[in-house]
Every structure is written in structure tokens, then in C-alpha cells.
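Heads up: the structure comes next, in C-alpha cells.
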Amino acid sequence: MRWTKQLIPTLREVPLEAEIASHQLMLRAGMIRRLGAGLYTFLPLGFRALKKVEAIVRQEMDRAGALEVLMPALHPREIWDRTGRYDVLSEVMFKIEDRQGRHLVLGPTHEEIITDLVSREINSYRQLPRNFYQIQTKFRDEIRPRFGLMRAKEFIMKDAYSFDVDWDAAEKSYQAMYEAYQRIFARCGLRTRVVEADTGAMGGKSSHEFMVLAESGEDGLVECGPCGYAANLERAEGVTRGETVFEDADRENELVDTPNMRTIEEVSGFLKSPPARLIKTLIYRADEKPVAVLVPGDRDVNELKVARALGCRKLELADDATIEEATGAPVGFAGPVGLDLPLYADKKLRGYRGAITGANQADRHIVHVDLERDVRISEFHDLTYARNGDGCPRCDGTLVEKRGIEVGHVFKLGTKYSEQLGALYLDPEGKQQPAVMGCYGIGVSRTLQAVIEQRHDKDGIIWPISIAPYAVEVLMINAQDAETRRVAEQITETLEKQGVEVLMDDRDERPGVKFKDADLVGVPIRVGIGERSLAKGAVELKIRGQSDKAKEVPLDQAVAEIQGAIRQLYEELNASA
RNA sequence: CGGGGCGUAGCGCAGCCUGGUAGCGCGUCAGCUUUGGGAGCUGAAAGUCGCCGGUUCAAAUCCGGCCGCCCCGACCA
């Protein structure tokens with residue numbers, strides 16, 4: 001392919017709309033263009049790379065025995081009502097009406113659709129296990145789309161759904177997908193970390209996320225070096241090794257004046273006590289009923305954990321009026337002593353003595369609080385976010401906090417959907433059983449961008465050979481030189497005949513422009529054709545991201561060398577897998 | 001949805017406070033010169049100044065409303 005026949009609108013300047021490196025580079029390298037918030041067109045280069053990722057996903061899913069299907073993106077509302085998820089996912093679903101006034105949604109995910117299909121088509125244990133997957137566009141009304149393809153309203157996803165006769169069999173299906181995912185991401189040149197994760201609105205028993213470590217990642221995670229424990233911050237449990245008994249722990253509790261001191265910071269400073277000594281008391285509405293949540297003053301509440309501990313569907317911080325009504329004091333002075341609400345305390349507060357809490361009176365706090373002596377806690381749970389330096393819940397190690405981009409998520413779903421939608425089969429005894437399900441997602445378009453986020457330098461993208469839009473770029477240093485053109489065209493043609501994807505930069509531009517664009521676009525193997533080396537009967541070979549200077553290769557060996565370089569790049573990729 | 005910011009040529013921006021001819025850099029097109037890491041000169045095309053309304057002799061500029069985008073937060077398979 002000639003550059004002059006392609007559309008590769010590279011940008012010299014950084015577009016204002018892009019914040020993170022991968023987003024900037026996708027725009028600058030002419031891979032994508034924005035249509036609206038969270039909506040992107042793939043230009044030829046971006047689409048080529050995307051198709052490479054898809055091809056790897058297909059190969060590995062097929063290899064793992066999954067069967068490719070294609071389901072509609074548009075769904076009748078009724079199917080979502082059958083599982084109650086029309087309400088659960090209501091906010092993220094795009095809803096539309098057809099001219100008959102029928103209610104339709106644009107699918108944010110496809111559990112209902114595939115389970116409905118399986119309920120009709122699979123009836124016997126002899127037909128199990130089966131795993132169906134598709135690569136398709138998903139629609140989610142994200143509150144805030146950002147970072148280009150990272151969080152878009154419309155994005156490409158590979159989703160797979162496994163159906164098994166029982167939990168043991170389902171576990172095998174899960175393992176097969178887990179391993180397929182490892183291979184997929186390795187083949188994309190990504191270093192990923194697998195973490196325990198929250199199942200969220202998917203429901204189900206447990207799940208693992210595949211994270212691409214990156215500073216710009218939207219997800220926080222912690223990991224423990226010694227034992228390998230790793231979990232999404234939404235789920236991670238950190239063990240505190242901090243003290244729970246503070247000075248004057250044995251004294252009776254007493255009221256102290258704390259005029260206008262409402263925040264942990266203010267009270268901590270005013271009373272000259274570390275924030276950890278304070279007990280933060282937050283009033284929530286759990287399914288409309290007020291409850292109090294207690295956590296150490298230096299900790300943040302993890303509302304997902306609270307909701308799970310309480311078993312409530314809807315959890316929100318109470319408004320000021322509710323707080324005043326529940327505590328009898330203005331906001332900022334709530335405390336558990338004498339508070340007539342269900343009290344849910346974070347585990348780390350166990351044994352807290354000599355602590356400080358709000359007094360449920362304006363401008364007052366209570367000191368020397370002994371949680372066991374002075375308060376009747378309803379339940380202790382893990383209710384806070386883990387953080388850097390916390391103890392590992394599995395071993396003696398210490399947790400390290402990192403950031404990551406979630407590119408894959410595998411769930412053990414169980415029988416939730418199969419029961420609700422009647423995906424039942426007859427076992428050998430003729431008894432009806434619900435299929436045990438798993439579901440497995442890969443954000444395909446996001447994965448593409450994650451590769452760039454992880455593999456770039458100041459000059460541009462460094463594609464792994466496996467998903468590069470082209471494997472080789474043949475660069476005419478002076479496109480007006482006849483011999484340059486002849487050699488470039490001949491090498492390009494030979495390689496293309498051998499099935500190599502070549503981009504030939506035949507633009508009549510200055511060399512600098514073409515070198516810069518080559519680095520930006522990031523094609524792995526660059527073949528420079530210029531008068532200087534042609535005079536020596538050679539061309540110049542350079543691997544993107546490796547060594548600064550190009551290697552001169554005799555003309556008659558050029559194609560063989562290029563093929564060798566391609567092979568080597570694939571080998572390196574496999575070796576790191 | 002709350003807070004902040006921005007909307008002027010394809011991209012990046014100035015002009016707005018203090019109303020009066022719409023500008024700069026890059027890119028694009030043409031010509032000449034140049035040619036190994038984002039060239040030089042000359043010329044040219046290209047803008048309903050986000051939209052609607054108001055004030056005014058006159059609005060990119062002042063006022064009101066709306067829309068869009070970006071950032072932070074809340075939220076999120």
C-alpha cells in the first residue's frame with residue numbers, strides 16, 4: 001500500500017481533546033477521529049489494528065472451543081424485564097422506541113440474549129458444555145465517556161458465555177477462558193495482571209479482571225509481592241496493622257467542645273490527635289432506611305462493600321435533613337455513642353479504645369470512646385478501601401497500590417440467568433437442571449488503546465508486530481529519485497507477494513517529515529531507501545523501539561532480512577508470553 | 001447531575017476586559033528553490049466568530065437563554 005493512496009492524517013500538534021498518551025497518539029497517528037462524546041470513527045490505520053486484535057481473539061476463542069455467533073445489538077425491552085435487569089442497568093442502557101411504539105434497548109451486554117437462545121436450542125446434557133462468543137458493538141450510556149476508546153458510549157467487545165452441566169464442569173470452562181485470555185493479551189504484546197474483582201451488576205459468584213498496568217488506568221488495584229494476592233480496589237481487603245488503643249484509653253468518655261470543627265481534618269487538628277484515632281460516622285440511606293457506617297478517620301468508605309454487607313440494592317449518602325433528623329445534630333457531628341440507628345462498623349475499628357467521635361450535638365465531640373464499652377455495634381464488616389501499605393489479607397506481605405486498565409473480565413455466573421430464563425437441560429436421569437454459566441468479556445477497542453498506552457515513547461507508537469496496522473514501512477527518503485522509487489517499489493511488491501503487509505511512504509516530502517511520521521505511526525520494521533545507502537548497494541533496516549541507528553543490509557538480502565526480522569519479532573512476543 | 005473551563009479557518013491559538021476592516025502559527029493548494037529527522041521564498045483558497053434572542057447607529061466583543069466539548073466529582077458489566 002502506498003501512503004499516497006491511504007488516508008493517514010497525522011497531526012503534528014497534540015489535539016486538545018486528548019488527555020492521555022494513547023488517546024493523543026491514536027489521534028495524532030490518524031487512527032481515530034471523534035464524532036461526539038464517546039463516539040469514534042476508526043480510520044483505515046486504526047481499523048486495521050483493531051482487526052488484528054479481533055483476529056487474535058477469534059483464534060484463541062476458537063482454539064478454546066468457543067463457537068462464534070452474532071447476536072442483535074437491538075433488543076426488545078421484555079427480555080430485560082424477565083431478569084429484572086431492565087431496572088438494574090436502566091441508567092446505562094440506551095432506550096428507543098420503534099414506529100409502532102415498541103420499546104427497544106441497545107444492548108450493553110448479552111447474558112439475557114444468549115441464555116434465551118440456549119433455553120430454546122439446548123435441551124440435553126449431551127449438548128453440553130457449549131461456549132458461545134461474539135465480537136460486537138456494545139452500547140452504554142456512560143456517565144462520563146473519556147480517554148478516547150477507553151470509555152466510550154459505543155465500543156467493540158468480545159463477549160463469551162459458557163454453559164455447563166454443573167459447577168465442576170463450569171470451573172473447567174472458566175479455566176479454559178482464563179488461559180485463553182492470558183494468551184490473547186500476551187499475543188497483543190500486553191503485560192497484564194489478573195486481579196480478583198467485584199461482580200457488580202453482572203451478579204455471579206466471583207470474577208477476575210485482566211488489568212493492563214498503567215498510570216493513567218481508571219481502576220485502582222493492590223497486589224502483594226510475596227503471595228501474589230491481587231485485587232481490584234473495589235474488592236480488595238487490606239489488613240490494618242495500626243494501633244487500636246490510644247492514649248487515656250481507660251478513661252471515661254467525655255464531651256469536649258469542638259466549635260465549628262466538622263471534618264476529620266479540622267477535628268484532628270483541633271484536638272491534636274491523628275486522624276486514625278477518630279471514628280468517622282457516615283449516615284447512609286440503604287434502600288431508603290437510614291443507617292450509620294463507622295470507619296477509621298483516615299479511611300474512605302467503600303460503598304460497594306457497604307451495600308454488599310447490608311444486602312441493600314440502593315445505597316446513598318443521606319442528605320443534610322436526614323442526618324440532622326437521625327443524629328439530632330448538624331452535619332459534621334455524628335457519632336455512634338447513643339445513636340439510635342443500625343451501626344455498621346469497619347473491622348479495623350474492632351477493639352478501638354480511647355477514640356474520638358462526634359457527639360450528635362452541635363460543636364461537640366466525645367473523647368476516650370471505647371467502642372465495646374460505649375457503643376452497640378450491629379455488625380462488623382470490611383467496609384473501607386484498601387490502600388498502599390496495608391497488610392495482605394492472605395499472608396504477612398504488604399499491599400502495593402497500582403493503577404490499571406481493565407481489558408478483560410471473567411465471571412462465574414452460576415445459574416442465575418439459566419434459572420430465570422429457563423436454560424434447563426435434562427440430565428442422564430431425565431431430571432431438569434439449570435445450566436451453570438460463566439461469562440467472559442474483552443474490551444476489544446479498549447485493548448487496542450491499552451496496547452498503545454503501554455507501548456509508546458516520546459516519538460509515537462511502538463506496535464507489537466502482531467497487531468501493527470502494517471508489518472513493514474518502506475520509506476523513500478527522496479521520492480523524486482528514480483532509483484529510490486524503483487528499489488522501494490520492488491521490495492514492496494516482493495514482500496506483498498509473500499503476504500507481508502507493507503506501507504510504502506512514497507510521499508514527496510522531506511525525509512524528516514517521513515521519519516517523524518514513521519515513528520509516530522509506529523510500524524515495527526522500517527526499511528529506508530535512500531541514495532546514500534543505495535550507492536553502497538544497500539537499504540536501511542530499523543526496528544521501531546530498538547536501537548537508534550538503522551542497519552545497512554545489502555539489497556539482494558533485504559527481503560530475506562525483513563522476513564527474518566518479522567519472524568524474530570514474533571518470537572520475542574511469544575517468548576514474553 | 002454538581003463544580004470548573006472552553007467554543008474564532010482542518011489543527012493549535014490571539015483578539016473580547018475598553019463594541020467599529022477577523023488575525024497569527026501549523027496544515028492545504030500553486031510556483032520556484034530545497035532534499036537523510038517536522039525546509040525557504042512568493043502567491044492563493046479557506047471562518048454563519050457554537051446557536052437563538054436582546055442592547056446598540058454598529059456585537060466575535062456587552063446582556064439573557066440554549067447547545068456542544070473537555071476536566072474534577074458523584075456513578076459505573
Side-chain angles (χ1 to χ4, degrees), chain A residues 9-20 23-24 27-28 30 33-39 80 83 85 88-93 107-112 138-148 150-153 155 157-161 197-204 207 209 218-219 232 234 300-301 303-304 307 314-317 319 406-411 413 417 439-443 446 458-460 475-481 484 505 507-520 526 528-535 539-540 542 548-550 552:
Chain A
T10 58
L11 303 175
R12 188 175 296 211
E13 291 170 272
V14 178
L16 192 71
E17 72 188 65
E19 192 80 355
I20 63 173
H23 186 195
Q24 292 174 352
L27 290 164
R28 288 192 54 211
R33 285 295 183 263
R34 189 175 58 90
L35 175 64
L39 303 172
W80 287 91
T83 56
R85 287 217 297 177
V88 176
L89 294 176
S90 183
E91 290 186 330
V92 299
M93 281 202 284
T109 179
H110 280 73
E111 285 74 20
E112 279 77 358
K138 297 279 191 268
F139 299 87
R140 293 190 189 167
D141 189 2
E142 293 288 348
I143 295 176
R144 179 141 89 92
R146 51 180 149 183
F147 300 151
M150 283 297 183
R151 183 163 292 270
K153 288 187 173 170
F155 59 99
M157 180 171 178
K158 186 283 307 177
D159 47 328
Y161 307 89
D198 188 83
T199 54
M202 292 302 290
S207 73
E209 285 171 342
E218 287 194 273
D219 287 286
N232 190 304
E234 289 177 348
D300 293 325
V301 174
E303 295 185 357
L304 276 171
K314 191 178 168 200
L315 183 80
E316 56 188 356
L317 268 176
D319 55 39
E406 178 192 351
V407 287
H409 202 158
V410 293
F411 298 81
L413 284 180
Y417 297 99
C439 78
Y440 318 94
I442 289 180
R446 177 187 286 188
K458 65 174 177 26
D459 296 314
L475 191 155
M476 296 181 184
I477 286 161
N478 176 4
Q480 288 178 358
D481 178 61
T484 296
D505 193 344
R507 289 177 298 171
D508 186 14
E509 285 285 352
R510 299 174 67 83
V513 172
K514 291 193 270 195
F515 284 130
K516 287 288 184 194
D517 272 348
D519 288 342
L520 177 59
R526 191 184 82 195
I529 317 278
E531 288 150 279
R532 193 184 290 171
S533 44
L534 279 181
V539 299
E540 298 150 33
K542 185 173 180 308
D548 286 339
K549 45 183 188 300
E552 290 204 330

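Below, chains carry the letters A, B, ... as their sequence lines are ordered, and counting in each starts from 1.
For B/C75, the OP1/OP2 oxygens have no side-chain nitrogen or oxygen of A/Arg144 closer than 4.0 Å. Regarding contacts with the backbone of B/A39, a side-chain N or O of A/Arg510 is found under 4.0 angstrom from either OP1 or OP2. Proximity of A/Arg12 to the phosphate of B/G27: a side-chain N or O atom is located under 4.0 Å from OP1 or OP2. For A/Arg33 and B/G10, the shortest distance from a side-chain N or O to OP1 or OP2 is not below 4.0 Å.
Listed by chain and number, the residues in a salt bridge (charged side-chain N to carboxylate O under 4.0 Å, His left out) with A/Arg151 are A/Glu142, A/Glu218 (sequence neighbours excluded). In this view, A/Lys516 and A/Asp459 satisfy the side chain to side chain contact (heavy atoms under 4.5 Å, CB included) rule, not counting sequence neighbours. The side chain to side chain contact (heavy atoms under 4.5 Å, CB included) check on A/Leu16 picks up nothing, with sequence neighbours excluded. Remark: A/Glu316 engages no residue in a side-chain hydrogen bond (donor to acceptor under 3.5 Å, both in side chains) (not counting sequence neighbours). In this structure A/Glu91 satisfies the side-chain hydrogen bond (donor to acceptor under 3.5 Å, both in side chains) test with no other residue, sequence neighbours excluded.
Taking atom P in both B/G73 and B/G15, one finds a spacing of 30 Å when rounded to whole Å. Between B/C70 and B/U56, the distance separating the two C1' atoms is 34 Å to the nearest Å. With both ends at atom C1', the span from B/G64 to B/A59 equals 14 Å, rounded to whole Å. Distance noted for atom C1' between B/U61 and B/G4: 23 Å (whole Å). B/G3 and B/G10: their P atoms are spaced 33 Å apart (whole Å).
With hydrogens and angles left out, the side chain of A/Arg28 and the base of B/G38 share a donor-acceptor pair within 3.5 Å. For A/Asn478 and B/G36, a side-chain-to-base donor-acceptor distance below 3.5 Å is absent, hydrogens and geometry of angles not being considered.
Counting heavy atoms from C-beta on, the side chains of A/Met150 and A/Pro145 never come closer than 4.5 Å.
Nucleotide B/G2 is matched to B/C72 when pairs are restricted to Watson-Crick or G-U wobble geometry with both distances under 3.5 angstrom. With a cut-off of 3.5 Å on both Watson-Crick or G-U wobble distances, the partner of B/U61 is given as none. Remark: B/C17 base-pairs with no nucleotide in the shown strands. Criterion, Watson-Crick or G-U wobble with two distances under 3.5 Å. Across every strand in view, B/A30 sits in a pair with B/U42 that passes the Watson-Crick or G-U test at under 3.5 angstrom. Pairing of B/U56, defined by two Watson-Crick or G-U wobble distances under 3.5 Å, is not identified with any nucleotide. Pair check for B/G25 finds B/C11; Watson-Crick or G-U wobble, both atom distances under 3.5 Å. With a 3.5 Å ceiling on both atom-pair distances, B/G37 lacks any Watson-Crick or G-U wobble partner. Nucleotide B/C49 is matched to nothing when pairs are restricted to Watson-Crick or G-U wobble geometry with both distances under 3.5 angstrom.
Distance CG (A/Asp519) to P (B/G36): 17 Å, rounded to an integer number of Å. Atom CG of A/Asp481 and atom P of B/U34 are 15 Å apart (whole Å). Summarising the geometry, the separation between CZ on A/Arg34 and C1' on B/G68 is reported as 9 Å, rounded to the nearest angstrom. Nucleotide B/G36 holds its C1' atom 10 Å from the NZ atom of A/Lys514, rounded to whole Å. For the pair A/Lys549 NZ and B/G36 C1', the computed distance is 16 Å after rounding to whole Å. Rounded to a whole Å, the CZ atom of A/Arg507 is 15 Å from the P atom of B/G37. Taking atom CG of A/Asp505 as the reference point, atom P of B/G38 lies 15 Å away to the nearest angstrom. At whole-Å resolution of the value, NE2 in A/His23 and C1' in B/C70 are 11 Å apart.
Between the side chain of A/Tyr440 and the backbone N or O of A/Gly408 there is no donor-acceptor pair closer than 3.5 Å. A/Thr10 places no side-chain N or O within donor-acceptor distance of the main-chain N or O of A/Gly30, the cut-off being under 3.5 Å.
No engagement by A/Glu316 is indicated, since no non-hydrogen atom pair under 4.0 Å with the nucleic acid exists. Within the nucleic acid shown, A/Gly530 comes within 4.0 Å of at least one base atom, counting heavy atoms only. In this structure, A/Asp159 reaches neither bases nor backbone, as no heavy-atom distance under 4.0 Å exists between it and the strands shown. At the heavy-atom level, A/Ser533 lies under 4.0 Å from base atoms of the strands shown. If you check every strand for non-hydrogen atoms under 4.0 Å, A/Tyr440 touches nothing. Residue contacts for A/Glu91: at a heavy-atom cut-off of 4.0 Å it reaches no nucleic acid atom on any strand shown. Residue A/Arg526 is classed as a base contact, given a heavy-atom separation below 4.0 Å to a base.
Across B/C13, B/C72, B/G37, the shortest atom-to-atom separation from the side chain of A/Leu16 is found for B/C13. If you check B/C76, B/C72, B/G36 against the side chain of A/Arg146, the one that comes closest is B/C72. For A/Ile143, the listed nucleotide lying nearest its side chain is B/C1; candidates were B/C69, B/C1, B/G36. Candidate nucleotides B/C70, B/C13, B/C11 were compared by shortest atom distance to the side chain of A/Glu13, and B/C11 ranks first. Closest contact between the side chain of A/Glu19 and the listed nucleotides B/G38, B/G37, B/C71 involves B/C71. Side-chain atoms of A/Glu17 lie closest to B/C70 of the nucleotides B/C70, B/G27, B/C76.
The minimum heavy-atom distance linking A/Lys138 with A/Met157 is given by the pair CG-CB, 3.6 Å.
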Each nucleotide of nucleotides 28-33 of chain B classed B (base within 4.0 Å of a protein heavy atom), S (only sugar-phosphate) or -, in 5' to 3' order, makes ------
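Residue A/Ala550 is the one, among A/Ala550 and A/Gly36, whose nearest nucleotide of RNA chain B lies closer to the 5' end (criterion: closest heavy atom). Ranked by how close their nearest RNA chain B nucleotide is to the 5' end, A/Leu315 and A/Phe515 are led by A/Phe515.
Between A/Glu111 and A/Arg85 there is a salt bridge, since a side-chain N of the basic residue sits under 4.0 Å from a carboxylate O of the acidic one. Under the 4.0 Å criterion applied to side-chain N and carboxylate O atoms, A/Arg34 and A/Glu17 are assigned as salt-bridge partners.
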